[in-house]
Amino acid sequence: MTENSNGGNSESGKKLNFIHVQIEEDLKSGKNNGRVHTRFPPEPNGYLHIGHAKSICLNFGIAEKFGGKCNLRFDDTNPSKEETEYVESIMEDVRWLGFDWEDRLYYASDYFGKLHDFAIQLIKKDLAYVDDQNAETISSQKGTPTRPGIESPHRNRSIEENLELFQRMTEGEFDEGDKVLRAKIDMASPNMHMRDPIIYRIIKAHHHRTGDKWCVYPMYDFAHGQSDFWEGITHSICTLEFEVHRPLYNWFVDHLQETDYRPRQIEFARLNLTYTVMSKRKLLELVKDNHVNGWDDPRMPTISGLRRRGYTPESIRNFSDRIGVTKVDGVIDVSLLEYSVREHLNKTAQRVMGVLNPLKVVITNYPENQSEELDAINNPEDESMGVRKVPFSRELYIERDDFMENPPRKFFRLSPGTEVRLRYAYFVTCNEVVKDENGEVVELHCTYDPASKGGNSPDGRKVKSTLHWVSAPHAIKSEVRLYDRLFNDESPDGHKDVDFKEFMNPDSLKVLTECYVEPFVKDSRPLDHFQFERLGYFNLDFDSTSEKPVFNRTVPLRDSWAKEMNK
RNA sequence: UGACCUGUGGUGUAAUUGGCAACACGUCUGACUCUGGAUCAGAAGAGUCCAAGUUCGAGCCUUGGCAGGUCAACCA
């Protein structure tokens with residue numbers, strides 16, 4: 001009823017964040033001739049994670065909202081960390097999330113030539129110099145945030161000498177670390193980034209695109225603003241830690257570009273999630289040290305991991321909208337992410353009956369070698385998804401937890417002498433419990449009431465509970481992987497620098513091999529999301545090499561239901 | 001003891017030109033039995049970091065504090 005309770009009043013009806021407000025102001029004041037152009041600029045040094053999804057949704061979302069454009073740009077200025085595999089996975093993930101950069105795919109490496117020319121311009125303006133000192137020395141001369149730095153002895157080299165040295169750097173005459181090009185700004189600036197920052201360094205590594213053409217590479221601060229400028233970016237959105245870089249970003253653009261147009265850097269808070277490690281460095285470590293089975297392991301917070309876990313693009317985009325955009329560095333509870341999947345999957349997922357921990361049930365008054373097909377609803381929230389046939393026969397499997405020989409007071413499911421409903425099928429009553437020599441229950445003998453076909457008895461009698469089940473001879477045996485959070489409840493949030501591996505949850509992956517699902521599943525390969533009724537949300541994992549279906553459970557169990565049963 | 005940024009229920013986000021702080025998640029309670037971890041109904045929970053000031057009236061304005069974050073990579 002009150003659908004516009006968000007206070008926003010944009011055309012799309014979605015919530016306005018502070019960046020939207022800023023853009024509206026820019027638009028009103030006639031900046032950039034009414035253009036809005038953003039970019040998503042990942043470094044291809046790892047797979048994208050849920051934090052990047054926030055940035056993707058923000059940047060592409062702004063373009064959509066204001067009728068502008070959003071570029072995809074790979075910020076590949078450091079060849080020692082970057083790989084083509086990452087480029088490809090990033091493109092796949094952005095597309096999967098539902099965004100399109102059309103023909104606007106760029107690489108910072110496309111600008112290496114222009115950037116190099118700009119470096120020379122800077123030297124010619126006496127705003128850059130070659131420093132021969134090593135990293136340590138340069139670092140020690142930087143001073144501290146509270147104490148000014150001191151100038152390099154090479155700071156006042158002649159323009160000619162700088163030009164020559166930079167040329168020789170470019171030609172590969174020096175080794176890595178021997179020389180760098182620095183901007184000549186202010187060694188006493190209160191902003192550390194303005195104390196003669198390095199703009200070019202020697203790296204003798206193979207670049208994933210330019211190969212061995214270059215051995216000097218521009219630094220982020222030097223390259224980023226210029227790239228934005230050349231692409232006509234109006235709003236360059238980045239995370240909070242770049243706030244102190246902004247003066248430098250502006251300094252480079254101001255000293256190198258001549259028109260009035262200026263891209264504008266705006267910072268927002270990166271996403272932190274509880275129980276979730278999101279630093280690329282740490283995720284890389286998990287992959288490299290085989291703590292997980294690759295970047296797309298369903299326990300990973302990567303977009304590819306979430307995809308295999310069964311998350312939908314819609315659910316991630318909804319999550320993104322829900323968390324908003326601010327400059328407050330906070331921590332979001334993962335339950336909000338999980339809520340977002342459940343919300344979407346509940347509307348769209350195919351319902352299927354399945355048994356994870358089987359207990360055999362024999363319907364003693366049902367004829368042998370007979371079977372029949374019963375109608376089951378595919379999605380109670382969406383009639384258009386129709387119905388399917390579920391085979392029923394004399395031998396069934398039910399969930400082991402659905403039977404108790406000596407039930408406590410509030411246990412209404414199957415126990416000796418009680419009658420329950422098998423969903424979509426019949427009322428059954430348990431008459432006999434078969435045990436093995438260890439006293440373990442191995443089989444139940446039940447009788448069914450043929451008059452209760454479909455799930456209701458003509459005499460109007462009620463049963464207290466409904467079970468789901470599969471027909472033993474028809475069921476497909478499958479493997480089910482139950483994924484839980486990779487990190488346990490004590491794990492620190494966000495990017496805090498601690499030994500995060502101490503907090504890994506040893507039970508984060510359980511593989512169950514004796515599971516049975518309706519045969520329906522076999523014929524519905526294209527439908528990869530299922531809700532196993534009562535058991536949670538699953539998806540078929542196509543990654544499996546085996547012939548049998550393998551399911552990943554998407555949303556971890558919460559214990560409220562179990563708690564209820566233990567009362 | 002520098003510069004920049006940020007402070008609204010447990011969490012996240014709102015609050016038109018200053019007008020009794022709203023929404024979502026989470027939590028708790030109840031209902032519903034063709035299974036819910038679903039759905040529905042309800043409840044608790046902040047007086048907006050603090051202090052002064054301006055004002056009939058301040059989360060929004062002013063001043064001063066306090067707290068937290070970021071910055072000293074030849075990473076991005």
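Note that this is a predicted model, so its numbers are computed, not measured. Numbers restart at 1 for each chain; the letters A, B, ... are given by sequence-line order, proteins then strands. Keep in mind that the numbers below use all heavy atoms, side chains included, and drop hydrogens, waters and symmetry copies.
Counting to the nearest Å, the P atom of B:A3 and the CG atom of A:Leu248 are 19 Å from each other. When the P atom of B:G36 is taken as reference, atom CD of A:Glu399 falls 14 Å away, rounded to whole Å. Note: CG (A:Leu422) to C1' (B:U33) measures 15 Å, nearest angstrom. Residue A:Arg147 contributes atom CZ, which lies 17 Å from atom P of B:A72 at whole-angstrom precision.
Closest contact between the side chain of A:Arg351 and the listed nucleotides B:A72, B:G36, B:A76 involves B:G36. Nearest nucleotide to the A:Thr146 side chain, out of B:G2, B:C75, B:G26: B:G2. Proximity note for A:Asn346 (side chain, C-beta onward) versus B:G36, B:C75, B:G26: the nearest is B:G36. Picking from B:A76, B:U33, B:C25 the nucleotide with the shortest atom distance to the side chain of A:Phe242 gives B:A76. Listed nucleotides: B:G26, B:A14, B:C34. Nearest to the side chain of A:Arg423: B:C34.
At a threshold of 4.0 angstrom between heavy atoms, the contacts of A:Gly454 include nucleobase atoms, whether or not backbone atoms are also involved. In this structure, A:Ile323 reaches the sugar-phosphate backbone alone: every heavy-atom distance under 4.0 Å involves primed, P, OP1 or OP2 atoms, never a base. Residue A:Gly177 is classed as a base contact, given a heavy-atom separation below 4.0 Å to a base. Backbone-only contact: A:Val328 has heavy atoms under 4.0 Å from sugar-phosphate atoms and none from a base. When heavy atoms are screened at a 4.0 angstrom cut-off, A:Ser340 is found touching no nucleic acid atom at all. If you check every strand for non-hydrogen atoms under 4.0 Å, A:Lys142 touches sugar and phosphate atoms only. Looking at heavy-atom distances under 4.0 Å, A:Thr77 makes contact with sugar-phosphate atoms alone, never a base. Using a 4.0 Å heavy-atom criterion, one finds that A:His245 contacts the bases of the nucleic acid, with or without backbone contacts as well. Base engagement by A:Asn456 is indicated by at least one non-hydrogen atom pair under 4.0 Å involving a base atom.
Remark on RNA chain B: of its neighbouring residues A:Lys327 and A:Tyr220, the 5'-side contact belongs to A:Lys327, judged by nearest-heavy-atom nucleotide.
Comparing B:G59 with B:A52, their P atoms are spaced 14 Å from each other, to the whole Å. Distance noted for atom P between B:U8 and B:G47: 12 Å (whole Å). B:U29 and B:G45 are spaced 15 Å apart, taking the C1' atom of each and rounding to whole Å.
With sequence neighbours left out, A:Asp375 forms a salt bridge (charged side-chain N to carboxylate O under 4.0 Å, His left out) with A:Lys389. For A:Cys215, the side-chain contact (heavy atoms from CB on, under 4.5 Å) criterion is met by A:Lys204, not counting sequence neighbours. Remark: A:Arg201 pairs with no residue by the side chain to side chain donor-acceptor pair (under 3.5 Å) rule, at least two apart or across chains.
Considering CG of A:Asp329 and CG of A:Leu271, their distance stands at 10.0 Å, rounded to 0.5 Å.
Using a 30° and 60° split on the angle between ring planes, A:Trp214 and A:Phe112 fall in the perpendicular class, above 60°.
Put simply, the side chain of A:Met353 reaches to within 4.5 Å of the side chain of A:Val390, judged on heavy atoms.
For A:Tyr339 and A:Phe319, the ring centers are positioned 6.0 Å apart or more. Between A:Tyr516 and A:Tyr397, the ring center distance clears the sub-6.0 Å criterion. You'll find the ring centres of A:His245 and A:Tyr249 outside the 6.0 Å limit.
Contact check on A:Glu43 versus A:Lys280 returns no salt bridge, with no Lys/Arg side-chain nitrogen under 4.0 Å from an Asp/Glu carboxylate oxygen. With respect to A:Arg157 and A:Asp132, a salt bridge is recorded, a charged nitrogen being found less than 4.0 Å from a carboxylate O. One finds a salt bridge joining A:Glu267 and A:Lys327 here, because a Lys/Arg side-chain nitrogen approaches an Asp/Glu carboxylate oxygen to under 4.0 Å.
Side-chain N/O atoms of A:Arg421 include one lying less than 4.0 angstrom from OP1 or OP2 on B:C34.
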Item checked: Watson-Crick and G-U pairing of RNA chain B written in dot-bracket, each distance under 3.5 angstrom, with | for inter-strand partners -> .((((((..((((.....[..)))).(((((.......))))).....(((((..]....))))))))))).....

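Looking at residues 190-208 of chain A, you'll see A:Pro190, A:Met192, A:His193, A:Ile198, A:Arg201 sit with a heavy atom under 4.0 Å from some atom of RNA chain B. For the segment residues 133-140 of chain A, the set of residues with a heavy atom within less than 4.0 Å of an atom of RNA chain B comprises A:Gln133, A:Asn134, A:Ala135, A:Ser139, in numerical order.
Under a cut-off of 6.0 angstrom, the local environment of CZ in A:Arg155 is crowded, with over 12 non-hydrogen atoms contributed by other residues, nucleotides or ligands.
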